[in-house]
Amino acid sequence: PTLAVDVPSGVLGDTGGVAGPAFRADATVTFFRKKPAHALDPGLSLCGDVVVADIGHPASVWDALTPVAFENAPPLWRAALTWPDRGAHKHARGRLSVVCGGAANTGAARLAARAGLRAGAGLVTLEAPTEALAVVAAASAAVMTRGFARADELARHVAEQTAVVIGPAAGVTAETRAAVAALAGQTPRLILDADALTVFADRPDDLFATLRPGDVLTPHPGEFRRLFPDLAAADALTAAKTAAARCGAVVLLKGATTVVAAPDGRAVVNLHASPFLATAGSGDVLAGVLGGWVAQGVPTFEAAAAAAWIHGDAARRLGPGMIAEDLVEALPMTLARLYDARPAAPRGA
């Protein structure tokens, strides 16, 4: 057995990168707090089990430090989550729209819409191109459906919503680009995923110019590379933080280690996940969970951090054999756990 002290030799503590030869430890003991190498690949994969040991640092040391990021966990965002009270009704719980692709490509948006409903949004509507409306209407029950023929019509439809997810299987087309442009600056917060990102690969600055600090980009590494090619070689934490500052919106960079970063420099690294999330549709579910919380009024950075943890927790509960549809149905177990641990409401006099 091999034990590493601080980090395995050859691993760079501040990035998780590897400088020349490095070995894989069975366990790593570090001190006071974790370093980025304990949370970011390839360093994470080389550390084995990480143990943080106390060697006598006084509590005052913490006051002199500025963390580069936090490890994602409920104490960071639990107080920001919203739960219905006895007088709640569906309109008070937020209205989410999910924009659908063509008639042959509706599955991704349907997954996102159902996940948004599971996450607690009171009303979820699939906004479908006219030719796809019959398909999504036949496959939907609690999720509402509505057709649109043009981008300006879509913009009118979502004006009263509180959040919009666009991109899952939307199509890398001029129509998707026009839809994003029409939605930009509207009242609803935008969650842009998949094709809504790739369609701007040739002109990313056009997208960035339309974004607000409360909007969210949810790229996987390939989509991220298309929008931020100069950051492709950076570690995930540096890449996400730099990208968020550049585009002026929250960035949720998906991967084996998911990073959520805000334009103001805040960042969390999500290690609470499962390798079985590497399956078609899991990212669409994540976008829907995020949209569901944003629709309910949760600030987007906290909503993105919560969505990443909830998504990972549901996957950990399911394990081998999981598919994206299972992930949606497993969300209530994780949500119930969070609900039971919610901060106590203040009592009246």
Under 30°, 30 to 60°, or over 60°: which ring-plane class applies to His272 and Trp309, parallel, tilted or perpendicular?
parallel
Minimum heavy-atom separation for Ala324 to Ala280, with atom names?
CB-O, 3.4 Å
Taking the side chain as every heavy atom from C-beta outward, state whether Val180 and Ile166 have any pair of such atoms under 4.5 Å apart.
yes
Just by modelled atom types, is the Thr30 backbone N or O under 3.5 Å from a matching donor or acceptor in the His38 side chain?
no
Would Thr334 and Asp313 count as a side chain to side chain donor-acceptor pair (under 3.5 Å) if you check the C-alpha gap in whole Å, the side-chain angles of each, and the deciding distance to 0.1 Å?
CA-CA 7 Å; Thr334 291; Asp313 191 73; 2.5 Å; yes
Is Arg118 salt-bridged to Glu329, going by a charged N under 4.0 Å from an acidic O?
yes
Above 12 or not: heavy atoms from other molecules or residues under 6.0 Å from CD of Glu160?
no
Roughly how far, to the nearest 0.5 Å, is the CZ atom of Arg150 from the CZ atom of Arg156?
6.0 Å
Non-hydrogen side-chain atoms of Pro74 and Leu338 separated by less than 4.5 Å:
yes
What residues join Leu271 in its hydrophobic cluster, counting side-chain heavy atom gaps under 4.5 Å, either direct or through other members?
Leu40, Leu44, Val68, Leu237, Val259, Val269
Arg317/Asp326 ion pair, N-O < 4.0 Å:
no
Validate the cation-pi geometry between Arg93 and Trp83: distance from NZ or CZ to the six-membered ring centre under 6.0 Å, angle to the ring axis within 45°.
no
Taking the side chain as every heavy atom from C-beta outward, state whether Leu327 and Ser282 have any atom pair closer than 4.5 Å.
yes
Can you tell if the side chain of Val289 reaches within under 4.5 Å of the side chain of Leu331, non-hydrogen atoms only?
yes
Determine whether a donor-acceptor pair (N or O, by modelled atom type, separation under 3.5 Å) exists between the side chain of Thr258 and the backbone of Leu252.
no
For the pair Glu223 (side chain) and Leu253 (backbone), establish whether a donor and an acceptor sit closer than 3.5 Å, ignoring hydrogens and angles.
no
Could you check whether the rings of Phe228 and Phe208 sit parallel, tilted or perpendicular, using 30° and 60° as the cut-offs?
parallel
Electrostatic pair Glu325-Arg110, nearest N-O below 4.0 angstrom:
no
If hydrophobic clusters are built by linking Ile, Leu, Val, Met, Phe, Trp and Tyr wherever their side-chain heavy atoms come under 4.5 Å apart, do Leu286 and Val294 end up in the same one?
yes
Charged N-O contact under 4.0 Å between Asp215 and Arg212:
yes
Going by heavy atoms in the side chains, are Arg266 and Glu302 under 4.5 Å from each other?
yes
Decide side chain to side chain donor-acceptor pair (under 3.5 Å) for Asp195 and Thr176; before the verdict, give the C-alpha distance in whole Å, the side-chain angles of both, and the deciding distance to 0.1 Å.
CA-CA 8 Å; Asp195 292 345; Thr176 297; over 6 Å; no
Do Arg246 and Asp205 meet the salt-bridge criterion of a basic N to acidic O distance under 4.0 Å?
no
Regarding Arg226 and Asp202, does a basic nitrogen lie under 4.0 Å from an acidic carboxylate oxygen?
no
Decide yes or no for Pro213 and Val250: does some side-chain heavy atom of the first lie under 4.5 Å from some side-chain heavy atom of the second?
no
Under 3.5 Å: donor-acceptor pair, side chain of Thr125, backbone of Ser97
no
Arg95 side chain to Leu123 backbone, donor-acceptor under 3.5 Å:
no
Does the pair Asp63 and Ser60 meet the rule for a side chain to side chain donor-acceptor pair (under 3.5 Å), with working shown?
CA-CA 5 Å; Asp63 297 331; Ser60 58; 6.0 Å; no
Minimum heavy-atom separation for Val136 and Cys100, please, with both atom names.
CG1-SG, 3.7 Å
Quick check: closest heavy atoms across Thr15 and Pro36, and the distance to 0.1 Å?
N-CB, 4.2 Å
Quick one: closest heavy-atom pair of Gly291 and Ile191, and the distance?
CA-CD1, 3.9 Å
Below 4.5 Å, heavy atoms only, C-beta onward: do Val165 and Val99 meet side chain to side chain?
no
Aromatic ring proximity, centroids under 6.0 angstrom, His57 and Phe32:
yes
Determine yes or no for a side-chain-to-main-chain donor-acceptor pair under 3.5 angstrom, with Ser140 supplying the side chain and Ala137 the backbone.
no
Quick check: do Phe276 and Leu318 have side-chain heavy atoms less than 4.5 Å from each other?
no
Distance to the ring centre below 6.0 angstrom and angle to the axis at most 45 degrees; does that hold for Arg342 and Tyr339?
yes
Okay, side chain of Asp26, backbone of Thr2: is any donor-acceptor separation there less than 3.5 Å?
yes
